[in-house]
Amino acid sequence: MPPAIRRAILPVGGLGTRFLPATKAMPKEMLPVVDKPLIQYAVEEARAAGIEQIVFVTGRGKTAIEDHFDDSFELRETLRSRGKAAELEAMTEMVGRPGEIAYVRQQEPLGLGHAVWCARHLAGDEPVAILLADDLVLADTPCLKQMMEAYQETGGNLVAVTDVPREQTGRYGILDIGKDDGRLVSVNGLVEKPSPDKAPSTLSIIGRYILQPEIFGHLDMKERGAGGEIQLTDAMARMIGSMPFHGLRFEGQRFDCGDKVGFIEASIAFALARDDLGPDVRERLRSYMA
Ligand code: UTP
């Protein structure tokens, strides 16, 4: 049985330039899909998978994220005095237990690999889960929970994967595939953002990872990769061959909310999936399409 995964790293240090001006004074991860910020979906997914400790890698201008997961005395008292019990309970639940969330700063956004490396001391010598809030998954069983179950079979490193159109390979980390049983694939290689003609497949990594602590040693080298950034994909690629490395085709639909079209699509899909909003939203969309 592989060691349990108790900690998750949530990197939120990026600049979110694709969403300017919305992200000038507000973190990209606080953009709401329906009525919840992206980062809250990620935290809830981590908790649902049994994660006990969450490390946010933040940067300048990201204090709204810390405030979001903190107690708000004024709001709490206002909800209480107005008898809004359901809202009060929801606000209290999302804050979490004292000490559950820790924060480290990434002083400069040098890339996802660098962000993860900044959490090395808090991650300790244990495998970690990593969740990118801008990848949102709509699924019956939360994506990280599906991964935790698959990890019991595979051990080693495990990434969630999905097929993307070939013309989009340049946006993602792409797998060179070995054995493939339709659900689990063994990873022979990883390439960050290959052009469509150079991509070894169209199977892309989404922002969900379970990685062994050796990743931090590889990130220590601080090698620059695609776009001049310190890439997590490059450090992961160095672990192939030394331990099991698999991709999991998870069940559910992934939305790339770092991209405007993906974000809009997520807002529609998540609204349609809600009992309280779905019928009205469906009706309005019909009238737009007519
Ligand atoms: P992106 O590649 O989407 O970059 O990061 P970005 O800066 O957030 O957005 P754009 O491309 O400028 O619009 C993927 C994830 O990695 C984190 C981001 O916060 C996001 O969750 N990240 C990226 C960091 O934490 N630090 C970095 O240096 C880069």
Side-chain angles (χ1 to χ4, degrees), residues 2-14 27-58 62 64-71 90-104 106 112 115-124 126-152 154 157-162 205-213 215-216 232 236 248 250-258 266 270:
I5 293 151
R6 302 185 301 136
R7 297 196 177 112
I9 300 173
L10 276 65
V12 292
K28 172 173 76 170
E29 298 79 9
M30 286 300 290
L31 291 172
V33 166
V34 186
D35 52 9
K36 223 190 274 183
L38 290 171
I39 193 67
Q40 194 176 335
Y41 287 97
V43 166
E44 287 175 2
E45 187 177 325
R47 287 174 176 158
I51 292 294
E52 295 165 16
Q53 293 169 15
I54 292 171
V55 181
F56 280 115
V57 184
T58 72
K62 302 277 179 170
I65 296 176
E66 296 186 36
D67 292 340
H68 186 71
F69 291 101
D70 198 1
D71 180 38
M91 291 305 103
T92 311
E93 249 175 40
M94 59 163 279
V95 169
R97 299 180 314 279
E100 179 196 21
I101 302 180
Y103 298 88
V104 286
Q106 183 189 24
L112 176 59
V116 170
W117 179 79
C118 288
R120 66 199 178 283
H121 297 306
L122 291 174
E126 291 183 19
V128 287
I130 299 169
L131 295 95
L132 305 189
D134 44 11
D135 264 330
L136 207 50
V137 181
L138 187 58
D140 291 337
T141 305
C143 183
L144 188 63
K145 190 160 198 290
Q146 295 180 41
M147 293 175 72
M148 294 288 204
E149 283 158 15
Y151 178 70
Q152 294 306 309
T154 62
N157 297 313
L158 181 69
V159 291
V161 295
T162 190
I205 305 175
I206 73 156
R208 300 287 181 280
Y209 316 75
I210 290 176
L211 299 177
Q212 298 304 312
I215 188 71
F216 297 107
L232 182 63
M236 289 193 300
L248 172 71
F250 58 95
E251 281 169 24
Q253 198 181 351
R254 173 273 196 118
F255 300 93
D256 178 359
C257 293
F270 274 71

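Here, residue 1 is the first one in the sequence, and each next residue gets the next number. Here the structure is a predicted model, which means the values were calculated and not measured.
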> With sequence neighbours left out, write down each residue that passes side-chain contact (heavy atoms from CB on, under 4.5 Å) with Glu66, or none if nothing qualifies.
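Scan of Glu66 (side-chain contact (heavy atoms from CB on, under 4.5 Å), adjacent residues dropped) gives Thr58, Tyr103.
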> Kindly write out the residues that satisfy salt bridge (charged side-chain N to carboxylate O under 4.0 Å, His left out) with Asp140, not counting sequence neighbours, or none if the list is empty.
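Residues passing salt bridge (charged side-chain N to carboxylate O under 4.0 Å, His left out) with Asp140: none at all.
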> Is there any ring-ring contact (aromatic ring centres under 6.0 Å, His included) pair reaching into residues 27-54, and which pairs are they, with sequence neighbours excluded?
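Checked against ring-ring contact (aromatic ring centres under 6.0 Å, His included) - neighbours excluded - the pairs reaching residues 27-54 are Tyr41-Phe270.
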> Taking atom CZ of Phe56 and atom CD1 of Ile9, what is their separation to the nearest 0.5 Å?
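Here the rounded value is 12.0 Å.
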> Can you list the residues that meet the side-chain contact (heavy atoms from CB on, under 4.5 Å) rule with Ala160, with sequence neighbours excluded?
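Result, side-chain contact (heavy atoms from CB on, under 4.5 Å) vs Ala160: Cys143, Met147, Ile206, Arg208, Phe250.
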> Taking only residues two or more places apart in sequence, or in another chain, which ones meet Arg254 in a salt bridge (charged side-chain N to carboxylate O under 4.0 Å, His left out)?
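If we apply the salt bridge (charged side-chain N to carboxylate O under 4.0 Å, His left out) test to Arg254, skipping adjacent residues, the hits are Asp135.
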> Using side-chain contact (heavy atoms from CB on, under 4.5 Å) as the criterion, list what pairs up with Leu122, not counting sequence neighbours.
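With sequence neighbours excluded, Leu122 shows a side-chain contact (heavy atoms from CB on, under 4.5 Å) to Val55, Ala102, Val104, given in chain and number order.
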> Looking at residues at least two apart in the chain, or sitting in another chain, which of them share a side chain to side chain donor-acceptor pair (under 3.5 Å) with Glu52?
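None.
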> What residues form a side chain to side chain donor-acceptor pair (under 3.5 Å) with Arg47, not counting sequence neighbours?
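For Arg47 the side chain to side chain donor-acceptor pair (under 3.5 Å) partners, ignoring immediate neighbours, are Glu100.
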> So, using side-chain contact (heavy atoms from CB on, under 4.5 Å) as the criterion, who are the partners of Ala64 when residues are at least two apart?
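Ala64 satisfies side-chain contact (heavy atoms from CB on, under 4.5 Å) with Pro27, Met30 only.
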> How would you list, by chain and number, every residue that makes a side chain to side chain donor-acceptor pair (under 3.5 Å) with Asn157, sequence neighbours excluded?
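If we apply the side chain to side chain donor-acceptor pair (under 3.5 Å) test to Asn157, skipping adjacent residues, there are no hits.
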> Suppose we screen for salt bridge (charged side-chain N to carboxylate O under 4.0 Å, His left out). Which residues come up paired with Glu44, at least two apart in sequence or across chains?
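Residues passing salt bridge (charged side-chain N to carboxylate O under 4.0 Å, His left out) with Glu44: Lys36.
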> What residues, two or more places apart in sequence or in another chain, satisfy salt bridge (charged side-chain N to carboxylate O under 4.0 Å, His left out) together with Asp70?
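Salt bridge (charged side-chain N to carboxylate O under 4.0 Å, His left out) list for Asp70, sorted by chain: empty.
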